[in-house]
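For reference, the structure discussed in these notes is given below.
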Amino acid sequence: MTIQWLLPVALATPLVALLTALCSRLRPWLPNLLWLLPLPALVAAVLALHGIPLAFTLSGLSFALDQPGAMLLAAAALLWSLAGLAVPAVLDQPSATRLSLWWLPTLAGSLAVFGAADLLSFYLAYAIVGMSSWGLIGHADHIQARHAAGGYLIFALSGELCVLMACVLLAAPLSAQTGLSFDAVTAALPSSPWRHAAVGLLMLGLGIKIGLVPLHSWMPLAYSAAPPVAAAVIAGAASKAGIIGLIRLLPIAEGLMSTWGLMLAVLGLVTAFYGLLIGVKQRQPAAVLAYSSISQLGLTASLLGVGLMSAEPLSRAAAVFYAAHHLLVKGVLFLALALIMVSGARWRVLLGVTLLGLSLAGLPLTAGFLAKLGLKPILGDGTIGLLASLAAAGTTLLMLHFVRRLAATQPVSPTVLAPQAWLALGLLSLAALIVPWLLVPLSLGQPMRLALGLPVDQIPIWNVPWSLTRWIEFWQQLISAPGLGKALWQVLWPLLFGGLIALALWLPPLPPGDVLLLVERLGLRIVCRIGEQIQRLEHHLRAWPVAGLALLGLVLLFAVMLMG
Amino acid sequence: MTLTLFADLGLLIILLGLAIITAFARPAFVAVAAYMAYGLVMALAWVRLAAVDVALTEAAIGSGLTGMLLLGAVAWNQRQTEAHPRRRQIRLQVPATHPLLIIVVAAVCAGVSAVLAWVVVTLPEPPTLQVEQVRLALPATGLGNPVTGVLLAFRAIDTLLESVVLVFALVGVWSLADDAAWGGRPRSLRLVQHSHALTLLGQLLPPFGVLMGLYLFWAGADAPGGAFQGGTLLAAMWVLALSAGLAKVPAVSNRQLRLLISIGSLLFLAIGLAGWAGGVGFLGYPAGWSKALILIIEATLTLSIAVTLGMLVAGRPHRALPR
Amino acid sequence: MTELAVFGGKQLVVLALIMPLLGALLAFTIGGRTARWIALLTALVELVVVVSLAWIVVDQQIVVEYQLGGWEPPLGVRLRADGATVLVLLTATVVMTATMISAHADWQPLPDQHETRAGLVFWTLLPALWAAFNTVLLSQDLFNLFVALEILTFCAVPLVCLNGKAETFAAALRYLLFALLGSVLYLLGAGLIYGLWGTLDIGLLALEISKLNRYPPALSLALGLMTAGLMAKTAIVPLHLWLPPAHAGAPAPVSAILSAVVVKAAFVVLLRLWFELMPGSADTMVAQTQGVLGGLAIVLGGVLALRQSRLKPMIAYSTIAQMGYLFLVFPLAGAASAWGAGLLHLCSHALAKAALFLAAGQIITHFGDDRIDHLAGLGHVMPLTLLAFGVAGFSLMGLPPTGGFVAKWWLLQAAIETGHWGWAVPILFGGLLTAGYVFRVLAVALRPAATPALAASTVPHTANAMILLLALSSLLLGLAALGTGLPPQ
Amino acid sequence: MVASTWFGLGAALIIGLSLFQVIINPEPLRKVLAFNLLGSAVFVLFGVLARRGGGRIDGVAFADPVPQALIITGLVVAFAATVLAVALVLRLLQAECATQDHDTECRIDD
Amino acid sequence: MLFTDLYTYSLVGLGALFFCTGTIGLLRFPDSLSRLHALTKADNLGLGLVVIGLLPQTHWPLGAMKLIAVWLLAVLASTTVGQMVGEAIRRGVPFR
């Protein structure tokens with residue numbers, strides 16, 4: 001198949017671009033090319049989703065795109081490309097070039113981590129992403145940036161060391177002929193003597209990456225210090241490396257994983273609520289977003305934990321979809337923050353941001369709603385389900401708080417942004433709304449059918465190629481599902497509950513007789529204006545030709561009416 | 001048969017031409033002149049439509065008096081605009097300059113006349129109900145001319161109201177006088193320049209005109225004619241005499257003038273009430289007496305119509321009577 | 001007993017028609033100082049005649065018919081007085097008599113003068129207008145109605161510009177020309193109807209039309225022309241250009257009669273056209289259009305009344321709004337109470353509106369200023385007039401127990417009965433707007449005067465008495481209607 | 001097509017013309033003139049209806065007398081309307097002339 | 001009968017001819033006075049010829065008397081109007 005060359009090209013282009021940075025004359029052009037580099041990866045991911053197997057091995061490192069990897073790669077490539085489009089508009093020339101120097105390796109690592117097919121390539125990509133993110137975080141030259149970058153470095157390094165040890169322990173029972181592929185690793189893990197140590201170290205390392213509670217403190221500092229456009233890609237794509245690691249390396253094995261799964265679930269939920277509680281108190285919008293990321297990643301981790309506990313393969317698919325959706329939405333929020341910090345808040349942008357923020361919490365008709373619908377059967381209706389709903393309510397509160405803070409940010413000297421920045425934001429938010437809808441049948445097909453009480457067809461979910469006809473037919477079934485109303489309400493009530501709390505907290509102080517005063521001040525002006533319009537209309541009506549015309553018009557009208 | 005049709009079509013074309021000139025001619029004087037010609041040709045059209053009574057009325061009132069009134073008004077308006085050129089024209093409304101409005105109005109008017117034409121063409125077979133009834137009931141009134149019969153016997157209330165309309169129109173015209181001028185003589189008939197020819201006409205024509213008027217009134221019982229046509233002719237002669245300066249317009253507060261004006265209606269009312277008291281019903285005539293009563297009514301009506309029309313054309317009172 | 005009543009009714013119908021006509025002619029012929037007394041005498045005689053006629057018709061439940069000159073309808077003209085006509089006749093008589101008595105002192109000639117222009121014109125044209133109104137109510141012949149409507153206009157126009165102010169001439173001319181345009185269209189319609197069946201009597205025409213299942217083009221054009229022509233004379237919204245300047249510019253007694261009586265004449269003919277000529281026409285599209293125009297009039301009239309700065313233009317626009325209510329009767333004709341509601345609203349509005357205009361007249365002459373914002377202290381200076389103004393305003397607004405309230409209540413009942421809920425909206429919103437502009441005046445008037453209190457100038461007692469009588473009779477009308485319980489059929 | 005129907009069509013056309021003039025022409029005198037034209041056209045329609053109702057007795061054509069009576073009454077009423085309208089227009093012109101320049105004597109008939 | 005019809009045709013035709021000349025004069029003559037001259041002379045003569053031509057057609061003597069009366073009146077009216085318009089023109093009233 002001649003197309004096989006696509007994957008290596010996709011993964012290699014950022015590195016090749018990095019080489020061009022050596023020649024000083026080309027370097028200033030680099031920021032303008034940033035949006036072009038992730039596109040081959042995007043094409044590769046789309047083809048993979050359509051069922052074309054893409055894989056290659058390069059001296060021991062093998063890369064292949066399966067279903068979850070392709071989905072996350074597609075979303076990440078989209079985010080990297082549109083964020084890259086905004087970089088030259090948001091940052092002026094010297095800092096944009098400097099940023100793109102660190103931008104390219106992170107991009108390469110982030111794309112590669114989704115495509116990694118064996119332990120070694122996974123760890124390589126994971127390390128590249130970890131290390132190069134440090135450059136992005138420390139980009140700004142003020143003290144907080146340096147302080148945050150330092151903190152991040154400590155956490156990232158320790159995290160990677162733990163992952164390295166875990167990889168070594170995982171690779172130990174393997175021999176040369178079985179290779180280091182994930183299937184081999186997960187197959188060998190339950191029987192290996194160091195299984196508990198490996199899983200523990202793995203959870204510790206990846207936990208730092210996705211910011212589980214005791215290990216999360218670097219994330220708020222990093223995201224608020226980093227330039228928001230960089231924070232968008234780190235929070236969006238880079239942090240998903242941890243998620244894909246948990247999915248790939250932790251096997252669905254009875255017995256062994258039940259205790260670790262329970263721990264992961266509990267830790268995930270604690271992180272979720274911790275992120276919400278602290279996030280509501282933050283004043284900086286970037287910090288609010290950071291804590292929101294912590295909370296969402298915590299929720300995904302708990303989803304995986306529950307899956308591991310009940311050995312439910314569906315939870316992986318749901319987690320992938322949830323991560324992809326979070327990736328896109330978080331990207332939009334950070335990008336919007338970046339643009340607003342430069343050009344000032346505009347109500348149209350705020351409206352869009354609110355809409356997307358609430359989609360995280362499960363606003364009906366948005367992708368978040370689908371995600372929540374998919375989670376329902378997995379988390380069940382027990383305590384964990386209730387907690388998940390409360391988390392959704394908390395997310396609504398947090399998002400409204402973010403929007404309030406965002407509206408309050410006023411740049412010292414608002415400059416007009418280049419149109420391409422707004423184009424980038426527009427395209428990204430469009431993608432955040434539409435792409436998840438396309439991906440749903442693949443990942444959340446079974447859990448949604450379960451939630452709506454439809455018969456679950458038994459075809460395995462992983463290697464089902466994406467096709468338009470199956471997509472349409474899936475949705476037709478779903479619309480006519482009997483349980484739709486009940487499911488809708490189950491997703492909706494947390495949203496409303498969160499909105500209510502937000503109103504209670506932040507409603508501006510109203511004088512007594514509130515509505516009347518409002519109506520009076522507002523209503524009176526409107527009524528007077530309407531009165532003037534009516535008077536002018538009546539003045540025209542009383543002109544002789546108009547009255548004569550009306551008279552003859554009535555004659556004809558009545559004649560025709562009686563005749564008909 | 002086709003010859004008379006051609007004559008009628010010719011007449012119609014002349015009528016349409018004059019109507020178009022009346023409606024769309026720019027100078028008002030031309031429009032009024034065209035309207036007077038239109039009135040006269042319309043009288044011919046009435047003869048063709050076998051309505052001779054109406055032809056007489058149309059010629060006398062429709063084009064004669066109305067034409068004279070409008071001509072006087074237009075002439076005065078032109079004199080005023082020449083005397084005070086910078087004064088802005090009197091506009092009853094903001095002139096409709098917006099082309100769209102004009103087009104829409106034209107379309108709607110065309111629509112109305114089109115529907116009307118369609119209706120006229122598709123009228124069903126005309127009922128002869130009324131014609132028969134009038135023919136049967138006419139001998140009871142002793143009249144020969146069915147139109148006078150309808151006017152003064154069957155629909156007498158209309159004629160009574162009509163005579164009253166003239167009186168109240170006169171009161172309306174007089175009400176437009178200045179308060180100081182109340183009781184004075186109307187002056188709008190006084191000619192700007194004394195003309196000998198007019199004096200000659202004023203002396204020669206009125207006797208003949210009065211004779212014709214009385215003949216018309218008398219013939220009205222059995223042939224086309226009647227109170228209104230005769231009265232109008234008498235009024236015309238009186239106006240001719242007034243404008244030729246041979247007679248003086250009576251003062252508004254003149255008691256005899258008032259009586260002359262309202263005598264027609266009052267007598268008509270009195271005879272109606274007599275019928276009401278006499279058990280024949282209001283405006284009903286006792287069996288043998290109807291022709292005589294009708295002639296009395298017609299006589300007084302002719303007289304008061306002549307006076308009223310004359311005063312109407314004379315206009316509103318001006319200088320107060322020197323006390 | 002009944003045939004005596006019928007005979008008496010016939011004679012009274014003729015008298016009701018003839019007396020004002022005779023009065024007008026005599027007042028014109030004799031003139032001078034006696035014109036006023038002739039007119040007042042006619043008014044009193046007419047009052048007696050109409051009251052007795054009303055008593056006969058309503059009490060004996062009979063319908064009086066009278067062939068003029070003894071000729072049967074296709075030839076002669078027929079007069080008819082049924083329950084509804086007599087009620088309207090009675091209201092008109094009360095309004096005319098009260099207005100004449102309250103205006104008896106106006107335009108009096110000075111001791112040395114024999115006669116004044118305005119005096120003669122007023123005392124001649126008012127009874128003439130009255131005679132024309134009676135003819136419009138009683139006559140059953142389409143052409144006779146045309147002539148009566150024309151006389152009504154010819155008498156009303158000179159009265160509009162009685163005071164000789166420049167702007168009233170333009171208003172009078174516009175009123176005359178638009179009314180003429182309306183009546184020419186009406187005449188054309190009547191002609192076409194004559195062309196179809198050879199008769200102009202409403203009774204015979206109703207027979208002919210009931211035989212039809214589909215309206216021939218000539219009849220639909222004729223009815224379209226007649227309806228639009230009459231709507232031009234009732235000043236419904238798109239055709240109301242002449243009413244505000246005419247009614248506001250005219251002297252107070254004249255505008256009282258114009259708003260209370262003259263505008264209603266064309267409406268009565270419209271009612272007769274649509275209910276006697278074509279019973280069961282409530283569901284046609286035309287009735288719905290009339291309803292819509294009525295609703296529009298209520299809203300537009302109300303809003304513009306609110307926005308006027310002077311008293312009389314405000315009351316003039318309120319006339320347009322209240323006429324809108326009457327037009328709501330057409331779409332609701334299916335219900336039994338709609339006819340009674342329309343009638344009651346017509347009468348109570350006539351009484352209340354006459355009181356409002358007469359009160360406004362007194363305010364202008366004795367308080368000196370009719371700008372609404374400058375009316376502070378009116379309550380102190382002219383308490384009785386303001387009280388009458390208030391009571392009349394309440395009747396317009398539709399506060400219980402006034403006539404206006406009962407009319408609106410029956411209209412709402414009709415709306416519910418026929419299931420057309422939509423019509424309730426303009427009815428209620430109209431009431432709100434009316435309350436708006438009445439209370440606006442009362443609020444200002446009851447405020448203590450900023451300048452030192454003006455001397456309580458002496459408003460002639462007869463005028464005050466008449467205004468109060470009109471306002472209270474609008475109130476009593478409501479009580480009487482409540483008394484009967486069910487709306488008259 | 002009988003001759004009277006042609007007159008009916010002509011009358012319908014004149015009605016259209018005169019209605020247009022009545023509505024569009026701003027000058028009051030021209031409006032009154034258009035009204036007269038309109039009135040006479042309406043009466044022609046009456047005449048056409050009368051002629052259709054009539055017939056021909058031993059060679060002499062006759063028309064239905066009732067519409068003729070209506071037309072005569074209508075003509076007189078139309079004349080009264082014209083007189084009142086013209087008087088109002090002249091009084092309006094004089095009042096307008098008085099308001100515009102008080103000095104010249106705006107007598108209506110000199 | 002042929003003779004009377006022939007007589008009427010010829011005279012009425014001649015009268016119509018005079019009317020045509022009068023109208024052509026009205027249109028072609030330069031100033032108002034000459035137009036006035038054409039109108040009053042030609043038209044009156046034309047009318048006279050038409051009246052004489054129609055005499056045999058009407059009922060003798062009343063109808064004939066009426067026709068002649070019509071002609072005399074027309075002559076009287078046109079002379080008076082001619083005089084007045086002439087005076088007006090002489091006084092310089094601009095006639096459009």
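Just so we're on the same page: letters track the sequence lines, and every chain starts at 1.
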Heavy-atom pairs under 4.5 Å with chain B: which of [options] has the most?
{"options": "C/Val147, C/Thr124, C/Leu22", "answer": "C/Leu22"}
{"options": "C/Ala172, C/Gly32, C/Gly70, C/Ala128", "answer": "C/Ala128"}
{"options": "C/Leu192, C/Val121, C/Leu75", "answer": "C/Leu75"}
{"options": "C/Leu17, C/Thr135, C/Asp141", "answer": "C/Asp141"}

Side chain, backbone, both or neither: which part of [X] has a heavy atom under 4.5 Å from chain B?
{"X": "C/Leu15", "answer": "side chain"}
{"X": "C/Leu125", "answer": "side chain"}
{"X": "C/Tyr66", "answer": "side chain"}
{"X": "C/Val77", "answer": "both"}
{"X": "C/Thr29", "answer": "both"}
{"X": "C/Phe154", "answer": "side chain"}
{"X": "C/Phe122", "answer": "neither"}
{"X": "C/Leu221", "answer": "side chain"}
{"X": "C/Ser220", "answer": "neither"}
{"X": "C/Gln11", "answer": "both"}

Using non-hydrogen atoms only, which part of [X] is less than 4.5 Å away from chain C: side chain, backbone, both, or neither?
{"X": "B/Val164", "value": "side chain"}
{"X": "B/Val115", "value": "both"}
{"X": "B/Ala140", "value": "side chain"}
{"X": "B/Trp118", "value": "side chain"}
{"X": "B/Leu161", "value": "both"}
{"X": "B/Thr141", "value": "side chain"}

* To do: Take B/Leu176 and C/Phe169, measure what side chain to side chain contact (heavy atoms under 4.5 Å, CB included) needs, and give me the verdict at the end.
  => CA-CA 9 Å; B/Leu176 297 173; C/Phe169 290 123; 3.8 Å; yes
So, taking the atom named [atom1] in [X] and the one named [atom2] in [Y], what distance separates them when rounded to the nearest 0.5 Å?
{"X": "C/Asn144", "Y": "B/Arg155", "atom1": "CG", "atom2": "CZ", "result": "6.5 Å"}
{"X": "B/Ser163", "Y": "C/Leu25", "atom1": "OG", "atom2": "CG", "result": "8.0 Å"}
{"X": "C/Leu79", "Y": "B/Phe282", "atom1": "CG", "atom2": "CZ", "result": "9.0 Å"}
{"X": "C/Phe28", "Y": "B/Leu266", "atom1": "CZ", "atom2": "CG", "result": "10.0 Å"}

* To do: Give a yes or no on whether a salt bridge exists between C/Arg117 and B/Asp178, defined as a side-chain N under 4.0 angstrom from a carboxylate O.
  =>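 Salt bridge absent between C/Arg117 and B/Asp178.
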* Asked: Got a donor-acceptor contact below 3.5 angstrom from the B/Tyr285 side chain to the C/Gly69 backbone?
  ->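 No; judged by distance alone, with no hydrogens or angles, the pair does not exist.
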* **Greatest number of heavy atom pairs closer than 4.5 Å to chain C - which of B/Gly172, B/Gly284, B/Gly281, B/Ser175** =>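 Maximum pair count with chain C is reached by B/Ser175.
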* Any residues in residues 255-263 of chain B near chain C, with a heavy-atom distance under 4.5 Å, and which are they? -> B/Arg255, B/Arg258, B/Leu259, B/Ile261, B/Ser262
* Asked: So, B/Gln133 and C/Trp71: side-chain donor and acceptor under 3.5 Å apart, yes or no?
  -> no
* Sub-4.5 Å side-chain heavy-atom contact between C/Ile18 and B/Leu269 -> yes
* Write out, in numerical order, the residues from residues 155-165 of chain C with a heavy atom short of 4.5 Å from a heavy atom in chain B. => C/Cys155, C/Pro158, C/Cys161
